[in-house]
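Remarks on the structure that follows.
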Amino acid sequence: MVNPLYAVLTYAIMSPVVGEVMYDVEQVHLAFGNEPGVLNVAWVTPNGTVATLYYGLYGGPLKETSSCDTRQLNVSGNRYTHEAVMTGLHEDTKYSYRVGQTGTLFNVTYSREHNPLKVQKHIIFGDMGTSHAFSICDACNGTSQVCTAQTCAKNTSVGLVSELDANVMVHTGDYAYNFDTDGGNYGDQFMRNIEQIAAQVPYMTVPGNHENSVTNQAHYVERFRNQPTNADPPTYDTLAGTGKNNMYFSFNVGLVHYISFSTEFWFGVGNSKVNKETAVAWLKKDLAAANANRANVPWIIAFGHRSLLCTDSDGDDCFVEAWELRQALQEIFFDSGVDFWINGHEHNYERSYPTYDLKSVKSYVDPKANIYIVTGAAGSPEMHEPFTKTPPSWSAYRSNTFGYNRLYIHNNTHVRIQYVQTDPTLFPLADYGRVIDDFWVIQHNHGPFNKELAPKGKAWPRGDDNVTRTLDHWEPLLRIPKPPPGLGVATAIANFRKDHGEEAWAKQEDLILRTVNLDLGKAEWEDVREDGSSDGAWFVWKGRDSA
C-alpha cells in the first residue's frame with residue numbers, strides 16, 4: 001500500500017493556455033543566475049510536462065514568460081526536473097511568479113547588488129533532514145517528514161521561515177537524509193518542505209557526504225541544476241546522464257564573492273573528467289579573478305561540507321579528514337586571503353579565531369589569517385554527541401545546539417555574524433530563535449595574507465576549558481558531577497571518565513540518546529561506526545541495542 005504521506009496526485013490540470021498541461025508542479029526553488037538581473041527557477045513534476053514560467057512586477061499582471069528545460073530523473077524512482085529563467089530583473093524590486101497559469105503564486109524581491117544604504121543579510125546553515133528539520137520553524141519535529149508551509153503557518157516569526165527578507169540562503173551540504181531514501185520520496189518531501197523559503201529567497205548549495213553515493217549524486221546534480229555553475233569542465237556525469245557541473249562554482253552577492261566547493265573529491269567522489277585536480281585548478285583561477293576584483297567585491301567566503309578545523313569527538317572528521325583538507329586547501333585559502341571557510345558535516349556550531357597552521361590570535365580586527373566556521377546543525381536524525389574534549393587554542397566558541405547563522409554584510413570593512421538557536425531538545429520554546437553567539441569581523445586590508453604577519457601563538461592556553469567557550473545542550477541530562485567553577489562540561493566529562501571508566505561514560509551517552517528518542521523521534525549519534533563505537537564508547541546504533 002502506498003504511504004499517503006508520499007502519495008502523488010497524477011491528474012493533469014488544463015490551463016487556459018492552449019496546449020499547456022501542468023502536472024502537479026511542486027518543489028519550486030530559486031537560485032541566482034550567472035548574470036545580474038537573473039533568477040533561475042527549478043521545480044519537479046511526477047510526469048513530463050510542457051509548462052511555462054509566468055512572472056512580472058508584484059501586484060501587476062504576469063506579462064513575462066519563460067519556457068522550461070525538462071530532464072527525467074529516473075534514479076530512485078521516477079520524476080522530472082525543470083528549469084526556467086527570469087531575466088531583466090531590477091535591483092530591490094519585488095516580483096511575482098508562478099509555473100503554469102494555475103500554479104502557486106510566489107513572491108521574491110530581487111536584491112543582489114550592494115546598496116550602500118542597506119545592510120545585506122545572508123543565511124547560512126548545513127545538514128538538514130526531511131525529518132528533524134528543526135531550523136525551518138518551531139513546528140518541525142522528528143516524528144514526521146512533513147514540515148511544509150502549512151506546518152509552519154502558526155508561527156512564522158522565528159526560524160528560517162522568518163528570514164524571507166534575506167538576500168540569499170546558503171546550504172553547506174547534506175540534504176534530506178537522504179535524497180534517494182524510499183524511492184526518492186524523502187528527497188521529494190525535503191524539497192516540498194524547503195519550498196516555503198527556497199521559492200522566495202535564492203537557495204545556494206554544495207554537495208555533502210550524504211550526496212556521495214551514485215544515486216544521491218544524481219539527485220543532487222539534477223535537483224539543483226539551477227545553480228549558476230561556472231565550473232570547468234562545465235558538465236558532470238551521473239546515473240541520470242550528463243548534467244551541469246555544480247560540484248564547484250562561484251557567484252557574487254553584494255560585497256561577497258561566494259565559492260561553492262565540494263570537499264567530497266577527497267573522499268571518493270569524482271571521475272576522470274571532474275575530480276579534485278580539476279576542482280583545485282578551477283579554484284585557483286577563480287580566486288585570482290576574485291582578488292583582481294576586490295576593490296568592488298572585497299569579502300571572499302568559500303563554503304563546502306567538511307571541516308578544515310573542528311573539535312568534536314569524532315577523530316576521523318576533526319583529525320584525519322580535517323588534516324587532509326588542510327593539506328590540500330589551507331595554503332590556497334591563505335595565499336588568496338579568503339576571509340571565511342564555512343562548512344557543515346559536524347552537527348554543531350563552532351567558530352575559530354583567525355588561524356593559520358593551527359596558530360591563532362584572539363582578535364577579529366584586521367585578521368591576518370582565515371576564519372573557519374562550522375554550521376552543520378540545522379536539524380537531522382543524527383545527533384551531535386556531548387563535547388568530550390576541551391577546545392583547542394584556536395576555538396573561540398562552540399555549541400552543539402541546533403541552529404543557523406546570520407551574516408550581516410554592513411560594508412567593505414564590517415561583517416556581523418550571529419548564531420541563532422533552533423533547538424527543541426532541552427530548552428523552553430521561548431528560547432527558539434534566540435541569538436547565542438554574536439561577533440564582528442573588521443577587515444580594512446582585504447587581499448592575500450602574509451606569512452610573516454600570520455598568527456604565531458595561541459588565542460587560548462592549550463587545554464583551557466573556560467565555560468564561556470562551550471555551550472553543551474546535553475549537560476542537563478548528564479548525571480555526573482559538575483565541573484569546577486569557571487570550567488566547561490568537557491572537564492566534567494574527562495573527570496568522570498577518569499574516575500568511573502569508559503563503560504560508565506558510554507552508559508551516560510546511551511541514556512541521552514534513549515531520552516532523545518522518546519521526545520524527538522528516532523535518532524542516532526552522528527557518524528556512529530558500524531560496530532556501534534564512537535569516541536571509544538558503545539551506543540544504540542540504528543535501532544540495535546548494544547551489548
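Bear in mind the structure is a predicted one, so any value in this text is a computation, not a measurement.
Shortest non-hydrogen contact noted between Glu163 and Val201 is O-CG2, 4.3 Å. Minimum heavy-atom separation, Val75 to His219: O-NE2, 2.9 Å. Taking both residues in full, the closest heavy atoms of Leu30 and Asn226 are given as C-ND2, 3.5 Å, listed atom of the first, atom of the second, then distance. Minimum heavy-atom separation, Pro228 to Met204: CD-CE, 3.4 Å. Across Gly403 and Tyr419, no two heavy atoms sit closer than the pair N-OH, 2.9 Å. Closest heavy-atom contact between Asn34 and Thr229: ND2-O, 3.2 Å.
A donor-acceptor contact closer than 3.5 angstrom is absent between the side chains of Asp127 and Ser380. Donor-acceptor pairing under 3.5 Å is lacking for the side chains of His257 and Asn293. A donor-acceptor pair shorter than 3.5 Å can be found between the side chains of Thr215 and Asp180. Looking only at atom types and distance, the side chain of Gln72 has a donor-acceptor partner in the side chain of Asn78 under 3.5 Å away. A donor-acceptor contact closer than 3.5 angstrom links the side chains of Asp188 and Gln27. For the 3.5 Å distance criterion, the side chains of Glu211 and Asn216 fail to qualify, holding no donor opposite an acceptor. For the 3.5 Å distance criterion, the side chains of Gln189 and Asn193 qualify, holding a donor opposite an acceptor. In this structure, a donor-acceptor pair under 3.5 Å is absent between the side chains of His82 and Asp69. A donor-acceptor contact under 3.5 angstrom links the side chains of Asn405 and Thr375, judged on distance only. Side-chain contact, Glu350 with Ser395: a donor N or O sits under 3.5 Å from an acceptor N or O.
In summary, the aromatic rings of Phe303 and Trp341 are positioned with their centroids too far apart to meet the 6.0 Å limit. Taking the ring centroids of His29 and Phe224, they lie under the 6.0 Å cut-off. Ring pair Phe334/Tyr356: centre-to-centre distance below 6.0 Å. In this structure, Tyr175 has its ring center at least 6.0 angstrom away from the ring center of His210. Separation of the His122 and Tyr258 ring centroids falls under the 6.0 Å cut-off.
Between the CZ atom in Arg223 and the CZ atom in Phe190 there is a gap of 10.0 Å [rounded to 0.5 Å]. Note: Ile300 CD1 to Phe340 CZ = 11.5 Å, rounded to the nearest 0.5 Å. Rounding to the nearest 0.5 angstrom, the gap separating the NE2 atom in His305 from the CD1 atom in Ile342 is 14.5 Å. Between atom CD1 of residue Ile373 and atom CG of residue Leu407 there is a gap of 6.5 Å, rounded to the nearest 0.5 Å. Interatomic distance, Ile301 CD1 to Ser260 OG, rounded to the nearest 0.5 Å: 13.0 Å. Taken from OH in Tyr110 to CG in Asn167, the straight-line distance is 10.5 Å, to the nearest 0.5 Å.
Annotation: salt bridge (charged side-chain N to carboxylate O under 4.0 Å, His left out) contacts involving residues 330-343, sequence neighbours excluded, comprise Arg294-Asp339, Glu331-Lys451, Asp335-Lys451. Residue pairs meeting the salt bridge (charged side-chain N to carboxylate O under 4.0 Å, His left out) criterion with at least one partner in residues 269-282, sequence neighbours excluded, do not occur; the list is empty. The salt bridge (charged side-chain N to carboxylate O under 4.0 Å, His left out) analysis of residues 234-254, with sequence neighbours excluded, yields the pairs Glu83-Lys244.
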Notebook entry, point to check: Run the side chain to side chain contact (heavy atoms under 4.5 Å, CB included) check on Thr104 and Val28 step by step: do they pass?
Noted result: CA-CA 9 Å; Thr104 301; Val28 179; over 6 Å; no
Next item on the list: Go through Tyr220 and Thr205 one step at a time and tell me if the side-chain hydrogen bond (donor to acceptor under 3.5 Å, both in side chains) criterion holds.
Entry: CA-CA 9 Å; Tyr220 172 80; Thr205 65; 2.9 Å; yes
Check: Between Cys68 and Trp43, is a side chain to side chain contact (heavy atoms under 4.5 Å, CB included) present by the stated rule, with each step listed?
Finding: CA-CA 10 Å; Cys68 71; Trp43 66 92; 3.5 Å; yes
Check: Under the side chain to side chain contact (heavy atoms under 4.5 Å, CB included) criterion, do Ile124 and Tyr404 qualify, and how do the steps go?
Finding: CA-CA 6 Å; Ile124 303 185; Tyr404 62 90; over 6 Å; no
Checklist line | Audit row: His345, Asp174, side-chain hydrogen bond (donor to acceptor under 3.5 Å, both in side chains) steps and yes/no | finding: CA-CA 8 Å; His345 196 49; Asp174 278 8; 4.6 Å; no
Margin query: With side-chain hydrogen bond (donor to acceptor under 3.5 Å, both in side chains) as the criterion, how do Asn343 and Ser307 come out once you've worked through the C-alpha distance, each side chain's angles and the decisive distance to 0.1 Å?
Written below: CA-CA 6 Å; Asn343 66 273; Ser307 302; 2.8 Å; yes
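Side-chain contact check for Leu39 versus Pro202: some heavy-atom pair is nearer than 4.5 Å. For the pair Thr355/Ile371, no side-chain contact is recorded, criterion being any heavy-atom separation below 4.5 Å from C-beta on. Within the 4.5 Å cutoff, side-chain heavy atoms of Cys152 are placed close to those of Cys140. Cys318 has its side chain within reach of Glu346: a pair of non-hydrogen atoms, C-beta onward, lies under 4.5 Å apart. For the pair Thr45 and Asp24, the minimum side-chain heavy-atom distance is 4.5 Å or more. When side chains are defined from C-beta on, Asp286 counts as touching Asn230, because their heavy atoms get closer than 4.5 Å. Contact of the Cys147 side chain with the Cys137 side chain is registered, since non-hydrogen atoms from C-beta on lie closer than 4.5 Å. Side-chain contact between Val221 and Met247: present, with at least one pair of heavy atoms (C-beta onward) separated by less than 4.5 Å.
A cation-pi arrangement is absent between Arg98 and Tyr55, since the terminal nitrogen or guanidinium carbon is not both under 6.0 Å from the aromatic centre and inside a 45° cone about the axis. Both tests pass for Arg398 against the ring of Phe387: distance under 6.0 Å to the centre and angle within 45° of the axis.
Thr130 places a side-chain N or O within donor-acceptor distance of the main-chain N or O of Tyr186, the cut-off being under 3.5 Å. The closest donor-acceptor contact from the side chain of Arg112 to the backbone of Val253 lies at 3.5 Å or more, if one exists at all. One N or O on the side chain of Asp423 and one on the backbone of Phe402 form a donor-acceptor pair closer than 3.5 Å. Asp182 places no side-chain N or O within 3.5 Å of a backbone atom of Asn185 that could act as its donor or acceptor partner. Distance alone, capped at 3.5 Å, places no donor-acceptor pair between the Ser336 side chain and the Val338 backbone. Panel note: side chain Ser66, backbone Met86; no donor-acceptor pair is recorded below 3.5 Å. At distances below 3.5 Å, not a single donor-acceptor pair connects side-chain atoms of Asn178 with backbone N or O atoms of Thr181.
Between Tyr248 and Phe261, the two ring planes are tilted [angle within 30° to 60°]. In this pair, Phe125 and His171 present their aromatic rings tilted. The plane angle is within the 30 to 60° band.
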